[in-house]
There are 2 protein chains.
Amino acid sequence: MRDQSIFAGLNPEELRSLSMEVEDIACHQGDVLYRMGDSARYAYTLRAGAVKLVKFMKNGQEVIIRLLHRGDLLGFEGMQEAHHRHGAIALAPSQLCRLDLAELQRLSERLPKVREAILQRWQQALQSSEDRIMELGAKRAEARLATFLLQWAEHYPQLRHLPFPLSRPDLAAFLGLSTEHVSRIMADFKRHAFIQEQRGQLEILAPQSLADIAGKLPDHKLD
Amino acid sequence: MRDQSIFAGLNPEELRSLSMEVEDIACHQGDVLYRMGDSARYAYTLRAGAVKLVKFMKNGQEVIIRLLHRGDLLGFEGMQEAHHRHGAIALAPSQLCRLDLAELQRLSERLPKVREAILQRWQQALQSSEDRIMELGAKRAEARLATFLLQWAEHYPQLRHLPFPLSRPDLAAFLGLSTEHVSRIMADFKRHAFIQEQRGQLEILAPQSLADIAGKLPDHKLD
DNA sequence: CGCCAGATTGAGGAATATCAAACAGAGTGG
DNA sequence: CCACTCTGTTTGATATTCCTCAATCTGGCG
């Protein structure tokens, strides 16, 4: 993909060569990797597929805290806290590497390179959370969705036949909107031929138009 | 405060004893510590006062990414990135310690304790960002504001005469609302005698009522 | 006293949620 | 191969939340 160093210090081969025990895991759509509050024994790297990190509000409403793609890390909060801070659920058939947190801890104390890699991703996570805060705090539904679609596409080399395993409720839980509203906007985007969708595949037809909407031009309504 | 270890590994005395150069800095309300995009030479610890980290949208709208209190760190993104990711502005007269990032880098490589301390705070920052995502994504204005007031109060030992240097636009920029809406809700809270406000000081009169609202009980309107 | 910036209030409108109903598509059993 | 059901999506009508714009108010300060 875009960044070969994406696994630097944390790719399975390298870790195994350091006598770290790395378990390969495959899971299907909907599988729960861990639940929020579970005591944290393992961390994971996502090798293929997609995973959502979720929390729930008191009333049971689900909120998606982060979406993970190939190369992302999850469960690493266990390096500092005893329990997982979110639930992790596979959105699509996925492959992961499971790392023992205790071993990882030791390794990271010995190897600056591993430390660096973890810190790097941590930084990325913080960055992306802050971006979300801006999106949620300052943009309207259309703009949020447009931004999201473009960002999603960035994780793939092409604009056509993108894997898109998110349901409408998932999108809603990520964007802070109602399912119906998301559905309406997606329909709008399709009517305007900005995107196309079929059986879990997405195609970005008019990235520029989406980018315009994502920028939230004032008074530039769809129509 | 609540947590004596809050400066662990990063209090000025300790750092100085490690032959780290630590510059004490005092600033007044409105002072800019650094701007977004500035090349990052220094990091800071906030010893007293309050600071906001801000970003701006293309249209110029300000968004407050994080609010910092006594003991918080800022500018540490400079350990991984060359430039500051946000602007930092003092909300009140504040005192800080300025640390040279290069020195800090060296120190953290040598001393696990310092590393630990930084990592700890990083985790906290991520945690609080994720909490914000939930707030912004799933709660209504009233609930957001109520939550915020209670969280603000948590940073002080008492519920009366809390320093509260935030303007209405500041609150709005933090909560993702319009100034007017914030003003209305604050007025509501005062009318219901949940809070009281005078000259930059806040008093929480009915923490439980605020907590109820923060929980966003359905159908439990103010009235 | 008069002035000014920030805060409040009001009225109207836009954005979004809610509730209910219709719809589409993938299995499934006949 | 065709209904039939089930789940997820779309659509519609309506209510609510929130924003915008304009006007008024307040408190500090020259």
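Here is how names work: the chains are called A, B, and so on, in the same order as the sequence lines, proteins then strands, and each is numbered from 1.
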### Task
Would you mind reading off the distance between Leu202(A) atom CG and dT9(D) atom P, rounded to a whole angstrom?
14 Å
### Message
Without decimals, in angstroms, what is the distance between Leu175(B) CG and dT17(D) C1'?
### Response
15 Å
### Query
OP1, OP2 of dT9(C) versus side-chain N and O of Arg191(B): anything below 4.0 Å?
yes
### Query
Is the closest basic N to carboxylate O distance between Glu62(A) and Lys52(A) below 4.0 Å?
yes
### Query
Under the 3.5 Å rule, do the base of dT20(D) and the side chain of Arg184(B) count as making a donor-acceptor pair?
yes
### Task
Grab the NZ-P distance between Lys139(A) and dT16(C) for me, whole Å please.
13 Å
### Message
Expressed as a whole number of angstroms, how long is the span from Glu197(B):CD to dA7(C):P?
### Response
8 Å
### Message
I'd like to know if Arg199(A) reaches the base of dG25(C) with its side chain, counting only an N/O donor and acceptor under 3.5 Å.
### Response
no
### Query
Would you call Arg85(A)-Asp131(B) a salt bridge at under 4.0 Å N-O?
no
### Query
Could a donor-acceptor pair under 3.5 angstrom be found where the side chain of Glu180(B) meets the base of dC21(D)?
yes
### Minimum-distance nucleotide to Ser178(B) side chain [options: dT11(D), dT16(C), dC19(D)]
dC19(D)
### Query
When you measure from the side chain of Leu177(B), which nucleotide among dT16(C), dT9(C), dC19(D) comes out closest?
dC19(D)
### Arg132(A) with Glu130(B): basic N within carboxylate O range, under 4.0 Å
no
### Query
Can you tell me how far C1' of dT9(D) sits from CG of Leu171(A), to the nearest Å?
12 Å
### Query
Tell me, do Tyr34(B) and Arg41(B) make a side-chain contact under 4.5 Å, heavy atoms counted?
no
### Query
Do any side-chain nitrogens or oxygens of Arg140(B) fall under 4.0 Å of OP1 or OP2 in dT17(D)?
yes
### Task
Could you check whether Thr179(A) gets within reach of a base, just the sugar-phosphate, or nothing at all, counting any heavy atom under 4.0 Å?
nothing
### Between dA13(D) (P) and His181(A) (NE2): distance, integer Å
17 Å
#### Entry: Glu203(A)/His161(A) under side-chain hydrogen bond (donor to acceptor under 3.5 Å, both in side chains): CA gap, chis, key distance, verdict
CA-CA 6 Å; Glu203(A) 180 169 352; His161(A) 306 304; 5.2 Å; no
### Arg168(A) CZ to dT11(D) C1', straight-line distance once rounded to whole Å
13 Å
### Summary
Taken to the nearest whole Å, CG/Asp170(A) to C1'/dG8(D) is 12 Å
